[in-house]
Amino acid sequence: MMEAIASAAMNMQAAQLSVNYSMAIERKVMDTQEMAAQELLQMLPDIPRGQFIDTYA
C-alpha cells in the first residue's frame, strides 16, 4: 500500500514537472513570436493617410 502511494506521488510530481516545463517552453515561443511580429510590423512602409491599396487590380 505504501509503495503504491509513493509511486503515485512520484508520478504526480513527474507529471507536474512535465507540465511546468511545457508551459515555460510555450511562453518562450510566444514571446519570440511576438517579438518577430513586432519587427515585421516595423519593417512595413507607412501608408499615407487618405490613400488606399487597390486590392482588385
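Counting begins at 1 with the first residue of the sequence. These numbers were taken from a predicted model, which means no experiment stands behind them.
Using modelled atom types, one side-chain atom of Ser22 and one backbone atom of Ser18 make a donor-acceptor pair closer than 3.5 Å. Between the side chain of Ser7 and the main chain of Glu3, no donor-acceptor pair closer than 3.5 Å is present.
Hydrophobic clustering (ILVMFWY, side-chain heavy atoms < 4.5 Å, transitive): Val29 and Tyr21 are in one cluster.
For Gln13, the CD atom counts as loosely surrounded, since its 6.0 Å shell holds 12 or fewer non-hydrogen atoms of other residues, nucleotides or ligands.
For the pairing with Met30, the side-chain contact (heavy atoms from CB on, under 4.5 Å) check across Glu26, Lys28, Arg27 returns one residue only, Glu26.
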